[in-house]
There are 2 protein chains.
Amino acid sequence: MTTGRPREFDTNQALAAAMHQFWQQGYTATSLQDLLKAMQISKSSFYQTFGSKHALFQRCMEHYRNTLEDSMLAHLQKSPSARQFIDATFRAISDNGQDGDGQFGCLIMNTASEFAQDDPVVAKLVRTGTEKIHTVFLHAIKRAQADGEIPGDKNPEALASYLLSSMGGLRTMAKAGTARKTLEEIVKITLSALD
Amino acid sequence: MTTGRPREFDTNQALAAAMHQFWQQGYTATSLQDLLKAMQISKSSFYQTFGSKHALFQRCMEHYRNTLEDSMLAHLQKSPSARQFIDATFRAISDNGQDGDGQFGCLIMNTASEFAQDDPVVAKLVRTGTEKIHTVFLHAIKRAQADGEIPGDKNPEALASYLLSSMGGLRTMAKAGTARKTLEEIVKITLSALD
DNA sequence: TACAATAAGGACCAATTGGTCCAAAATAAG
DNA sequence: CTTATTTTGGACCAATTGGTCCTTATTGTA
């Protein structure tokens, strides 16, 4: 058995670069040239490794979803309380509004906005993506309720959906260039619904 | 003075059709062919009347903004109370989530999501668009506070921003295919922040 | 060192992109 | 009925789109 020439780039690194590109510009507005430049690979390597623009996008969505989920779960675990985790999550969004990755919104929400329901593959990626975040919020809410940080008579499923929706709105507001102070006010009111 | 050949289409009608197209598919994903088919005019007429795809898009954004503002103001006026207007506005979104125009989200928010801040012309259209809606909400909130339907100690500006953000999130959720029942739960919690 | 296996560079492709331009058609005023 | 003015259809355009394919380069193994 032989091994052949080793690739000159790191697949995960290229994937991450592509994800950032889609995140910033959206699927349609991102051209192959944009991707190749961001990923720093040749066209041949691109098609050999990822198959097509659409296939790459799917992997990027999954990568984003997993990264986000892992990050949230890590924060939840090391947070002193579940309620504080929720607060910190929303504060981080208003803080990173103008700079950082926050100014690009949420890839999943962006994708939901770009493709409506017309592409079934993408629609499913959006659905599973939102479900993952929903689940993380749900865990946090239930734990917060158990600890008496959120009234126990509130429907945790509904609250999780509410946080998901609010997060999407907030990130879009940030993307639209809303002032940090305004974002902070929105967060404060949003979180007051949990009291 | 002579008048020349009369045009065979209605400008406003064509504009409305174009707006719907952009609304459904976004700017980049909407091709000239798509527009011509939707507007039912020839390429010559298109460029003679609207100049370019980008110029047309600007007019569509303005048209959407004006239409939305007029509609909201009309509803506000004929509503028995300002608070009921706010409630009804959000209920309408969760009602028209799957069908109607609601499934396409909000053109302004969609545009904010599609273009980040890279296109200054579009960025300004987004800003003025959101400001208009913000102002309508602000009027409603102040009136509701004067009528004792919303606590007077709450900051009306912040509340208006909150409603704007929530509306955007809710419409994106609807666009993502969220079940009506879930949308209704989100609305209920969202509005509870006004109590 | 020859060979098998894979990667990379880049020429090439049909289709589509937004956009221009010209000639023909239609109309109202004179 | 001519003429000035405008609209319309469609040919045409360069640039770009996502994607294929062939050649060359580079490696580990035998």
Side-chain angles (χ1 to χ4, degrees), chain A residues 1-61 111 114-115 118-122 125, chain B residues 1-61 111 114-115 118-122 125:
Chain A
M1 189 182 287
T2 53
T3 25
R5 180 176 171 179
R7 53 163 60 101
E8 296 178 1
F9 64 94
D10 181 72
T11 308
N12 288 327
Q13 213 168 300
L15 190 66
M19 185 196 75
H20 263 86
Q21 194 66 31
F22 283 133
W23 193 358
Q24 293 177 40
Q25 307 215 15
Y27 178 79
T28 312
T30 296
S31 73
L32 220 20
Q33 300 243 17
D34 292 335
L35 288 171
L36 298 184
K37 189 163 68 176
M39 301 168 81
Q40 296 271 44
I41 65 175
S42 73
K43 194 175 264 197
S44 317
S45 305
F46 179 92
Y47 280 100
Q48 189 166 356
T49 311
F50 301 104
S52 73
K53 187 188 174 187
H54 199 269
L56 171 66
F57 183 67
Q58 291 175 234
R59 291 189 60 175
C60 287
M61 286 285 286
T111 304
E114 181 173 351
F115 304 82
D118 37 64
D119 187 326
V121 175
V122 173
L125 286 169
Chain B
M1 189 181 290
T2 52
T3 25
R5 180 175 171 179
R7 53 164 59 101
E8 296 178 1
F9 63 94
D10 180 73
T11 308
N12 288 327
Q13 212 168 301
L15 191 65
M19 186 195 75
H20 263 86
Q21 194 66 32
F22 283 132
W23 193 359
Q24 291 176 42
Q25 307 216 15
Y27 178 79
T28 311
T30 296
S31 73
L32 221 19
Q33 299 244 17
D34 292 335
L35 288 171
L36 298 185
K37 189 162 68 175
M39 301 167 81
Q40 295 271 44
I41 66 176
S42 74
K43 193 174 265 196
S44 317
S45 307
F46 179 91
Y47 279 100
Q48 188 166 358
T49 310
F50 300 104
S52 72
K53 187 189 174 186
H54 198 269
L56 171 66
F57 184 66
Q58 291 176 235
R59 292 189 59 175
C60 286
M61 286 285 287
T111 304
E114 181 173 352
F115 303 82
D118 37 64
D119 188 327
V121 176
V122 173
L125 285 168

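No hydrogens, no waters, no symmetry mates; every other heavy atom, side chains included, goes into these values.
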| query | Would you say the side chain of B:Ser31 and the base of C:dG18 hold a donor-acceptor pair, judged only by whether the two atoms sit under 3.5 Å apart? | reply |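 Side chain to base: no pair present.
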
| message | Please determine whether any donor N or O and acceptor N or O are separated by less than 3.5 Å between the side chain of A:Ser44 and the base of C:dG10. | response |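 Yes.
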
Using a 4.0 Å heavy-atom cut-off, does [X] contact any base of the nucleic acid, only the sugar-phosphate backbone, or nothing at all?
| X | result |
| --- | --- |
| B:Gln48 | base |
| A:Thr28 | nothing |
| A:Thr49 | nothing |

Quick one: [X] [atom1] to [N] [atom2], roughly how many Å, whole number?
| X | N | atom1 | atom2 | value |
| --- | --- | --- | --- | --- |
| B:Gln40 | D:dT7 | CD | P | 19 Å |
| A:Leu32 | D:dT17 | CG | C1' | 8 Å |
| A:Leu36 | C:dG10 | CG | P | 13 Å |
| B:Phe46 | D:dT7 | CZ | P | 15 Å |
| A:Asp34 | D:dT16 | CG | P | 12 Å |
| A:Tyr47 | D:dC21 | OH | P | 12 Å |

| Does a side-chain N or O from A:Ser42 land closer than 4.0 Å to OP1 or OP2 of C:dG9, or not? |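 It does, given that an N or O in the side chain of A:Ser42 lies less than 4.0 Å from OP1 or OP2 of C:dG9.
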
| N/O (side chain, A:Ser45) to phosphate O (OP1/OP2, C:dA8) under 4.0 Å |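 Checking A:Ser45 against C:dA8: at least one side-chain N or O falls below 4.0 Å of OP1 or OP2.
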
| task | Kindly say whether A:Leu32 contributes a backbone atom to a donor-acceptor pair with the side chain of A:Lys43 at under 3.5 angstrom? | result |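 Judged by distance alone, no pair lies under 3.5 Å.
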
| field | Test side chain to side chain contact (heavy atoms under 4.5 Å, CB included) applied to A:Thr11 and A:Arg59, step by step | value | CA-CA 11 Å; A:Thr11 308; A:Arg59 291 189 60 175; 4.3 Å; yes

| task | Apply side chain to side chain contact (heavy atoms under 4.5 Å, CB included) to B:Phe50 and B:Met39, showing your working. | result | CA-CA 12 Å; B:Phe50 300 104; B:Met39 301 167 81; 3.4 Å; yes

| query | When the nearest nucleotide of DNA chain D is assigned to B:Lys43 and to B:Phe9 on a heavy-atom basis, which residue is associated with the more 5' position? | reply |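 Looking at the nearest nucleotide for each, B:Phe9 comes out on the 5' side.
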
